[in-house]
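This chain uses plain numbering: 1 for the first residue, then up along the sequence. Note: hydrogens, waters and symmetry copies are ignored here, and every other heavy atom, side chains too, is used.
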Amino acid sequence: MKAIGSRFSVVLSVFAFIASGCAGTPTIGDKINQFGKTTSQIGSDWNDGESMVKKGMKLRDEAESLAKKSTAKNQESERLIEEGKRKMSENEVAFREQFGTSMK
C-alpha cells in the first residue's frame with residue numbers, strides 16, 4: 001500500500017513539473033531536482049521492498065522450524081500414547097492372571 005502512495009506522489013510530482021512548464025520554462029536545475037526527487041523515491045521504495053523480503057524470509061524460516069518441531073512432538077506423542085496403551089494392556093492381563101478378576 002505504501003508503494004502505491006509513493007508512486008502516486010512521484011506521478012503527481014512529474015505532472016506538476018510538466019504543468020509548471022506552461023507557466024515558464026524550467027531551468028536545468030529544476031529538471032535535475034525533479035529527477036533527484038524521483039530517484040530518491042524509487043530508492044526508498046526499493047529499500048522498503050528489500051526489507052519486506054528479508055522479514056518474510058525470516059518469518060518463513062521460523063515457521064518451517066516450528067513445523068519441524070511440531071511434527072517431532074506429534075510423533076513423540078503418538079509413540080508415548082501407543083507405549084502407554086501397550087503397558088496398560090499388559091498390566092491388565094497380568095492383574096487378571098494374578099487375581100482372577102478384571103481391573104475395571
Side-chain angles (χ1 to χ4, degrees):
M1 190 68 173
K2 185 177 179 181
I4 292 171
S6 299
R7 288 192 179 108
F8 177 74
S9 66
V10 169
V11 170
L12 187 60
S13 296
V14 171
F15 179 74
F17 177 74
I18 291 170
S20 69
C22 297
T25 304
T27 67
I28 292 176
D30 292 336
K31 291 177 182 178
I32 291 171
N33 281 336
Q34 187 57 44
F35 283 116
K37 290 175 187 176
T38 301
T39 304
S40 176
Q41 187 61 51
I42 290 170
S44 179
D45 287 347
W46 173 275
N47 289 337
D48 289 345
E50 186 176 37
S51 180
M52 292 169 71
V53 168
K54 286 179 182 178
K55 183 177 179 179
M57 292 173 73
K58 181 180 177 186
L59 286 173
R60 182 182 58 199
D61 291 345
E62 290 173 5
E64 288 173 356
S65 176
L66 288 172
K68 287 178 185 176
K69 288 178 184 176
S70 175
T71 298
K73 286 186 177 194
N74 281 333
Q75 291 171 344
E76 177 68 6
S77 68
E78 291 300 321
R79 186 192 65 75
L80 288 171
I81 290 168
E82 290 302 315
E83 186 177 331
K85 286 180 178 180
R86 182 186 53 77
K87 281 188 172 192
M88 291 168 63
S89 179
E90 289 172 356
N91 285 297
E92 184 177 1
V93 170
F95 184 85
R96 203 173 321 128
E97 289 174 355
Q98 182 75 28
F99 300 104
T101 185
S102 176
M103 292 171 59
K104 295 179 184 177

task: Mind checking the CG-NZ spacing from Leu66 to Lys73? Nearest 0.5 Å is all I need.
output: 9.5 Å
statement: So CG of Asp45 and CD of Gln41: to nearest 0.5 Å the spacing works out to 4.5 Å
- prompt: Taking only residues two or more places apart in sequence or in another chain, which ones pass side chain to side chain donor-acceptor pair (under 3.5 Å) with Glu90?
  reply: Arg86
message: Is the shortest side-chain heavy-atom distance between Ser65 and Lys69 below 4.5 Å?
response: yes
- request: Share the residues that join Ile28 in a hydrophobic cluster, the rule being Ile, Leu, Val, Met, Phe, Trp or Tyr side chains under 4.5 Å apart at the heavy-atom level.
  value: Ile32
query: Looking at CD of Gln34 and OG1 of Thr39, how far apart are the two atoms once the value is rounded to the nearest 0.5 Å?
result: 9.5 Å
- prompt: Are the side chain of Asp30 and the backbone of Thr27 linked by a donor-acceptor contact shorter than 3.5 Å?
  reply: yes
task: Say whether, by atom type as modelled, one donor and one acceptor occur between the side chain of Thr71 and the main chain of Ala67 under 3.5 angstrom.
output: yes
message: Are the side chains of Asn74 and Ser70 in contact, using a 4.5 Å heavy-atom criterion?
response: yes
- prompt: Are Lys68 and Glu64 within salt-bridge range, i.e. N to O under 4.0 Å?
  reply: no
Minimum side-chain heavy-atom gap Glu50-Asn47 below 4.5 Å: yes
field: Set of residues satisfying side chain to side chain donor-acceptor pair (under 3.5 Å) with respect to Glu76, sequence neighbours excluded
entry: Arg79
